[in-house]
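Let me begin by presenting the structure, written as structure tokens, before commenting on it.
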Number of protein chains: 4
Amino acid sequence: MTDKFDTSKPIYKQIADQLYWRMIRGELQPGDKLPSVRECAVEFKVNPNTVARTYNEMEREKVVKTKRGQGTFVTTDENVLFDLKESMKKIHIEEFVHEMEEMGYTEEEMVASLQEYLDGRDTND
Amino acid sequence: MTDKFDTSKPIYKQIADQLYWRMIRGELQPGDKLPSVRECAVEFKVNPNTVARTYNEMEREKVVKTKRGQGTFVTTDENVLFDLKESMKKIHIEEFVHEMEEMGYTEEEMVASLQEYLDGRDTND
Amino acid sequence: MTDKFDTSKPIYKQIADQLYWRMIRGELQPGDKLPSVRECAVEFKVNPNTVARTYNEMEREKVVKTKRGQGTFVTTDENVLFDLKESMKKIHIEEFVHEMEEMGYTEEEMVASLQEYLDGRDTND
Amino acid sequence: MTDKFDTSKPIYKQIADQLYWRMIRGELQPGDKLPSVRECAVEFKVNPNTVARTYNEMEREKVVKTKRGQGTFVTTDENVLFDLKESMKKIHIEEFVHEMEEMGYTEEEMVASLQEYLDGRDTND
DNA sequence: GTGGTCTAGACCACT
DNA sequence: GTGGTCTAGACCACA
């Protein structure tokens, strides 16, 4: 899918982010089996060791669970997935707020601009 | 400054974006002289031709004005700079809305989440 | 075809003018495919980059449309082609008027001379 | 002055055209002395032989008269200068008509367009 | 010194 | 095959 990686973050984290996205969007449901390390390595065109590190990372964060001889599975703990979604949300909000601040907008203007944009969009659709 | 460029957009456009940012943040004021094509090429570590293309692009968009033999200058037309700021704002809002939608949030939730985040930040400061 | 270029205008603009002429004269109809950048470079004996710049210029002016991997095509928007013809007409009238003024003729004399010339031609044919 | 010559006509004729222009515009009056062949050669950056050929040509056309040991002078015969002006006028009209015809305009449209252009110009000035 | 233009040759993504 | 982009290096006009 995404062929190139950013230089700002380690590749194994970027792969984790990709997989987190799939969970949040529901492409990977709680309990689903992730692709094998080797499959995943092929998909992202990276070394299997890199994917292994990604899976380790995700396991440390309790987002996936590895079952010996069976594979790696998305956690069935909805709370973990909820937290994941919340933290992704926070990242996007922070990025948005940061950029708007750099452009010199106040907090009130941010909310107002967002509201304005959404209102404009609704009437046009 | 920023050393690497994204693969998603041509470099000459990314350089334009960088310079637009400097204008919006006030680092480049109306009427200011931009660095020369050759200086800019050194700063961004690209070929001078690439910067020349950037300057052409910016001139077509009326954001800068070149004076033969003297250099390239930020337009003194405040309206153009205002439009620039508005369009940058719109881009960020669109990106934010798009990502929040991909995560499954409704418009109301976006505004509420943003408000919540800002409120939380204020009490902590 | 035309082998030499004027020194007064950049080559890439002169190539655009040549192609505009072909459109106005109907040698290139709306929707027709232009010669490829490389073919055109051979025809005009210039570097392909120069033709690429010409095609870019024409696309910015909405006179042609490029389809990725297929080629560059004359716009089907008749209005654009009409505007093109009008602007070419204006250029020729301006040039004519300018030269006649340099020779000291009044506006009335210009029209009268033109009319006279045309009348003389008709009776001879 | 003009440094480059067109490749379409011999240089000596192009120099003659330049000098004819000066006569028509009154920079060279009837009876005036033309610059010497050597001066003229310096001005146009060509070989003196080329200018000599120009002067010969102009003498054959009765536009100038050479007086041994004194130089070359514009004819005092107003008729010749009138004819010169007429022939220059005709050249411009022919060129204009030819280009308008190539664009597909009828004779009536040419006159109307010219009149229209002049009228528009008058009201704006 | 400034930007503008042109050539030569390379790599890319898309069809 | 198509156009789009980038680099390297050159020459030009203008101030």
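Chain letters run A, B, ... following the sequence lines, proteins first and then strands; every chain starts at 1. The figures that follow rest on heavy atoms only: side chains count, while hydrogens, waters and symmetry mates do not.
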Please tabulate, for side-chain N and O atoms in residues 25-41 of chain C, each donor-acceptor pair with protein atoms closer than 3.5 Å (sequence neighbours left out).
unit_1, atom_1, unit_2, atom_2, d
Arg25(C), NE, Glu27(C), OE2, 3.0
Arg25(C), NH1, Glu102(D), OE1, 3.3
Arg25(C), NH2, Glu27(C), OE2, 3.4
Gln29(C), NE2, Gly26(C), O, 3.0
Asp32(C), OD2, Gln29(C), N, 2.9
Ser36(C), OG, Arg38(C), N, 3.3
Ser36(C), OG, Glu39(C), N, 3.1
Glu39(C), OE1, Ser36(C), N, 3.3

Atom OH of Tyr55(B) and atom P of dT2(E): how far apart are they, to the nearest Å? 10 Å
On DNA chain F, check which nucleotide each of Pro35(C) and Gln70(B) is closest to and give me the residue with the more 5' one. Pro35(C)
How long is the line joining NZ of Lys33(C) and C1' of dT2(F), in whole Å? 7 Å
Salt bridge (Lys or Arg N to Asp or Glu O under 4.0 Å) partners of Lys89(D), counting only residues at least two apart: Glu86(D)
Rounding to an integer number of Å, can you tell me how far Arg68(C) CZ sits from dG1(F) P? 18 Å
dG3(E) C1' sits how many Å from Phe73(B) CZ, rounded? 11 Å
Rounded to whole angstrom units, what separation is found between the CD1 atom of Ile15(C) and the C1' atom of dG3(F)? 15 Å
Thr72(C) side-chain proximity, nearest of dG3(F), dG3(E), dG4(E): dG3(F)
Of all the base pairs, Watson-Crick or G-U under 3.5 Å, which form stems of three or more consecutive pairs involving DNA chain E? E:1-14 with F:1-14
Counting primed atoms plus P, OP1 and OP2 as sugar-phosphate and everything else as base, spell out the protein contacts along nucleotides 6-12 of chain E at 4.0 Å heavy-atom distance: B, S or - for each nucleotide, 5' to 3'. BBBB---
Asp6(B) CG - dT5(F) P separation (whole Å): 15 Å
Just to verify, what does Lys65(B) make a salt bridge (Lys or Arg N to Asp or Glu O under 4.0 Å) with, not counting sequence neighbours? none
I want to check one thing: is the phosphate of dT2(F), taken as OP1 and OP2, less than 4.0 Å away from some side-chain N or O of Ser36(C)? yes
Parallel, tilted or perpendicular: ring planes of Phe96(A) versus Phe96(B), cut at 30 and 60 degrees: parallel
Tell me the side-chain hydrogen bond (donor to acceptor under 3.5 Å, both in side chains) pairs involving residues 71-80 of chain B, sequence neighbours left out? none
Lys9(C): salt bridge (Lys or Arg N to Asp or Glu O under 4.0 Å) partners, not counting sequence neighbours: Asp17(C)
Is the backbone N or O of Tyr12(C) less than 3.5 Å from a side-chain atom of Thr54(C), with the two atoms forming a donor-acceptor pair by type? yes
Rounding to an integer number of Å, can you tell me how far Asn56(C) CG sits from dT5(E) P? 13 Å
Which residues pass the ring-ring contact (aromatic ring centres under 6.0 Å, His included) test with Tyr105(A), not counting sequence neighbours? none
Per the salt bridge (charged side-chain N to carboxylate O under 4.0 Å, His left out) rule, what does the pair list look like for residues 46-57 of chain B, sequence neighbours excluded? Glu57(B)-Arg60(B)
